[in-house]
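Worksheet: the structure to be examined is printed underneath.
This structure is a prediction, so every number in the text was calculated from the model and none was measured. Order of the sequence lines fixes the chain letters, A, B, ..., with proteins taken first and strands second; residue numbering starts at 1 for each chain.
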2 protein chains.
Amino acid sequence: MRLNSTSQYAIRILSYIARKQDEHILSAHELSEALNIPYKFLTKIMTKLVKAEFVESVRGRDGGFRLKDDPEKISIDDVLNLFNDSIKEEQCLLGIGACDTHCKCAMHDQWMKPKLLIQKLFRESSIKDISKKGSKI
Amino acid sequence: MRLNSTSQYAIRILSYIARKQDEHILSAHELSEALNIPYKFLTKIMTKLVKAEFVESVRGRDGGFRLKDDPEKISIDDVLNLFNDSIKEEQCLLGIGACDTHCKCAMHDQWMKPKLLIQKLFRESSIKDISKKGSKI
DNA sequence: TTTAAATTCTACCTAAAGGTAGTAATTGAT
DNA sequence: ATCAATTACTACCTTTAGGTAGAATTTAAA
Ligand code: SF4
Ligand code: SF4
């Protein structure tokens, strides 16, 4: 019952870039060290973020990464979707799925509340929100 | 962001046994077919449930499984704990952990609400609750 | 006492997540 | 032109979750 590591890394990466990119462009080495993410694994995530057009890369010496869009335009849910890790409408607690109002497990209704809260949290939080000064990434 | 298959299976198994055990003892074959869980995988889960003393087994011909305790005494959280799948106090959204009130990510406070709701749901729901007639398992 | 239906044990297999290694390509600075 | 710092690409490795196979053990009934 947790986000997978790759999604967690991706959110922290984007958030860190958002916070620092006005000072200087961010290299994979800096990101790896600052965020304590294995370098080789980080570069793998970066190429996914580049292909998904969340960030754009500058190759060659003095290269690095910067956000392609404004950080308030990227929601957490957008990022999670890239890694198949968001909470979908049909998300089921017991893995049966496709139940309806007449036939459902006893936990279904209680499961809706936290589920909707999490969906809302992911959809309404942007990378800008979580990159605010003073907050941990 | 979901329960692992093994936990889901275990909850459904216990719930099914709770509902049917007054009629007859439940064999692995019946459970496997009724719940659509691969037979060999189910028997593996059953031995864990036996060792954890959620169910007791009757070996040999006409054997099977029955609950060891009253179904209202087994909470969903108890079951999830057996499979390292419950939501812990320190459960973190971004995987950084060990943050405090002064230093936390921007999502921490919003994450508390759904997290507490889910904890409550798991702790206050028993196998009896979810095995009620008319509800899917 | 044999048989068949059941659980239990040990060992293995497969797929996915998480992570690593090495090399090629790009590019600014010297 | 060369070099060093950088991203991009391809391929592999390790761990964990999920699942399978087969034989051993137990027991009620014929
Ligand atoms: S009723 Fe229960 S089993 Fe059915 S879809 Fe909802 S959570 Fe899943
Ligand atoms: S503040 Fe954020 S990163 Fe820190 S423990 Fe809470 S959820 Fe995790």
**Request:** Could you tell me whether the side chain of A:K40 has a donor or acceptor atom within less than 3.5 Å of a complementary atom in the base of C:dG22?
**Result:** yes
**Prompt:** What integer distance in Å separates B:K51:NZ from C:dT10:C1'?
**Reply:** 11 Å
**Prompt:** How long is the line joining CG of B:L49 and P of C:dT8, in whole Å?
**Reply:** 11 Å
**Asked** Between atom CG in A:N4 and atom P in C:dG19, what is the gap in whole Å?
**Response** 10 Å
**Message:** Could you check whether any side-chain heavy atom of B:H24 comes within less than 4.5 Å of a side-chain heavy atom of B:S27, counting everything from C-beta outward?
**Reply:** no
**Rounded interatomic separation in angstrom, taking NE2 from B:H24 and P from C:dA6** = 11 Å
**Prompt:** Does a side-chain heavy-atom distance below 4.5 Å link B:K88 with B:Q119?
**Reply:** no
**Distance below 4.0 Å between B:T6 side-chain N/O and D:dG18 OP1 or OP2** = yes
**Request:** Specify the separation, in whole Å, of atom CZ of B:R66 and atom C1' of C:dA6.
**Result:** 14 Å
**Prompt:** Which of these nucleotides, D:dT20, C:dT8, C:dA5, is closest to any side-chain atom of B:P38?
**Reply:** D:dT20
**Asked** Of all the choices, C:dA29, C:dT8, C:dG18, which nucleotide is nearest to the side chain of B:T47 once you look at every atom?
**Response** C:dT8
**Request:** Between A:D62 and A:T43, name the one whose nearest nucleotide on DNA chain D is closer to the 5' end.
**Result:** A:D62
**Prompt:** Can you check the B:N84 CG to D:dG18 C1' distance for me, whole Å?
**Reply:** 15 Å
**Prompt:** Can you find a side chain N or O atom of A:Y9 that sits less than 4.0 Å from OP1 or OP2 on C:dG19?
**Reply:** yes
**Fill in**
When rounded to whole Å, the CZ to P distance for the pair A:R61 and D:dT7 reads 13 Å
**Request:** Kindly point out which of D:dG18, D:dA8, D:dT25 is positioned nearest to the side chain of A:R59?
**Result:** D:dA8
**Prompt:** Does D:dT6 have OP1 or OP2 sitting under 4.0 Å from an N or O in the side chain of A:S57?
**Reply:** no
**Message:** Would you call the rings of A:F41 and A:Y9 parallel, tilted or perpendicular, taking 30° and 60° as the class edges?
**Reply:** perpendicular
**Asked** Any side-chain N or O of B:Y39 under 4.0 Å from OP1/OP2 of D:dA21?
**Response** no
**Nearest non-hydrogen partners of A:G95 and B:Q8, listed with the distance** = N-NE2, 3.4 Å
**Prompt:** Tell me: CG of A:L42 to P of D:dT7, nearest whole Å?
**Reply:** 9 Å
**Asked** Touch check for B:F65, heavy atoms < 4.0 angstrom, all strands: base, sugar-phosphate only, or nothing?
**Response** sugar-phosphate
**Complete:** Of A:K44 and A:G64, the one whose closest nucleotide on DNA chain D sits nearer the 5' end is A:G64
**Asked** So, is A:S27 close to the D:dT6 phosphate, meaning a side-chain N or O under 4.0 Å from OP1 or OP2?
**Response** no
**Asked** Which is it for B:E89 and B:R123 under the salt bridge (Lys or Arg N to Asp or Glu O under 4.0 Å) test, yes or no, and what are the steps along the way?
**Response** CA-CA 13 Å; B:E89 304 305 332; B:R123 289 179 183 162; 3.1 Å; yes
